[in-house]
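Following: one structure in structure tokens, then a few remarks.
Keep in mind that what you see is a predicted model, and the values were worked out from it rather than measured.
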Amino acid sequence: MSIQGNSVNAEYLVDGSDELKPLVGFSSSKDSTSKKEGSGWFVSAFLVVNAALGAGLLNFPIAYHQAGGVFSAVIVQSFFLVFVVLALLILGYCSDIKGCNTYQDVVLSICGPKAQLACAISVLLYCFGTCITFLIIIGDQWELFFLEVAHDLYCKTDPFYMTRAFIISVTSIAFILPLCFPKRIDFLRYASIVGVIGILYVVGLVTIKYFLPHDNPGTIATGPHSWIDVFLVVPDICFAYQCHVSIIPIYSCMGKRNIREFSKTVTLAMILCIITYTVTAALGYLQFGDTITNDILLSFNPTAEVMVAVVLVAVKTYTTYPILCFCGKAAFDTMWSMFWKMSPEEILHKEKMRRVITTLVWFTLTLLLSIFIPNIGVVIQILGAFAAVFIFVFPGMCLLKTMQNRIESGEAQPRKVYVFRWIAIVFLVLGVFIFGLTLSQAIMKDIQGAKPDSSKFTCS
């Protein structure tokens, strides 16, 4: 049997032919319309939303301030959203060519093993950093909760069961770790709905408080100080809307795997994300102006309804971590199989044991690092640079290679093939530019030192 590269998704069985046939519950692109078990397009949309909505929501309002106000930020966001949605559709189209089930396997099937290795490394780093960020957010939210509901106990006696390290460790082991072991990502579909409901509460809170009487905001920017300021929102946009790493595993678990059903999933998911991010960022920024903090919830007085939002953000984060963990483990499995030159049979052998060990190591490392990293601001900037690679660079490479193969086949090609090739080139150029710009901005901020938030949640 021949197979391109050394990696094969664990969902496939080898039957001695030249094709990899999916396990029960999966289908190839050639049989995309057959009935099978899996998620419907509507439920899958919530998986996508849960993968996209997260830490970026809390950081989005201050990004509007950095970009020069609501108008300029919305214009930049609208421009990049075109590429975000196109990239999702490109990945879905390319995954159907070989029936791939992970992001890195799409890159393998189109661009070859070297590109797949680069993609797997990028996915691994991004997912690992994002999981650390999620645990940091969990610690932040519980600290704020304890400061409000048990202020004297928390500030005067500092009991061990309220310490940041203890609460992150215990709650993560109880609520996150069990969700990280399953083999299929659609196991998380119901937990994702709960997470999305929690985020919608935060949106409702910010909206209602905007229309209720509140203190006068600080200075509100009406335009960027310089043209380059508009790019300050780009890392946050990329980080906020980055669900591309998760989209292929989600697509592979859909009951009807075809572009039509996938398009409905993407459309609903993006509508929910756009409304959520834009409303929260715009109304949140207009309430506080230049006094806005990195975490929008830190800007509000610690009332009961704000405390509910704090807890719900923590709950939402518990349900999102396993999605990124799933994708990160898949990337590691790809790298492991390539390094040891494992055959498809060897990859499937002891897959369960390898998955359990990888999960435990992944969880332990992210947990330890989250305890010692206090601020998510600079982390999000760096992750935004990596997110640009998944949104622009790799989808552009796949589309360009696919169209180039069709052109080189010698057959007469419709004009749209050449149009798609130019679109792919635009993706690549824009992706390289954004990656370089956002990464340099993040490094400069890190050198200058992160500015701490002036939070109202203090023991003073």
Solution key, residues 261-269 side-chain donor-acceptor pairs under 3.5 Å, sequence neighbours excluded:
unit_1 : atom_1 : unit_2 : atom_2 : d
Glu261 : OE2    : Lys264 : NZ     : 3.1
Ser263 : OG     : Ile259 : O      : 2.7
Thr265 : OG1    : Trp41  : O      : 2.9
Thr265 : OG1    : Glu261 : O      : 3.4
Thr267 : OG1    : Ser263 : O      : 2.7

Do Phe427 and Leu400 touch side chain to side chain, with heavy atoms closer than 4.5 Å?
-> no

Would you say Lys329 has more than 12 foreign heavy atoms packed within less than 6.0 Å of its NZ?
-> yes

Does the side chain of Tyr251 come within less than 4.5 Å of Leu91's, by heavy atoms?
-> no

Mark yes when over 12 heavy atoms from residues, nucleotides or ligands other than Tyr201 sit less than 6.0 Å from its OH; otherwise mark no.
-> yes

Of Phe390, Tyr103, Phe435, the residue whose pairing with Tyr126 passes ring-ring contact (aromatic ring centres under 6.0 Å, His included) = Phe390

Between Val311 and Gln141, is any pair of side-chain heavy atoms under 4.5 Å apart?
-> no

Whether Phe83 and Phe392 hold their rings parallel, tilted or perpendicular, with breakpoints at 30° and 60° = tilted

Could you tell me whether Phe386 and Phe239 have their ring centroids closer than 6.0 angstrom?
-> no

Would you confirm whether the ring centroid of Phe339 sits within less than 6.0 angstrom of the ring centroid of Trp336?
-> no

Partners passing ring-ring contact (aromatic ring centres under 6.0 Å, His included) against Tyr64 (at least two apart in sequence or in another chain) | Phe60

Tyr93: what forms a ring-ring contact (aromatic ring centres under 6.0 Å, His included) with it, not counting sequence neighbours?
-> none

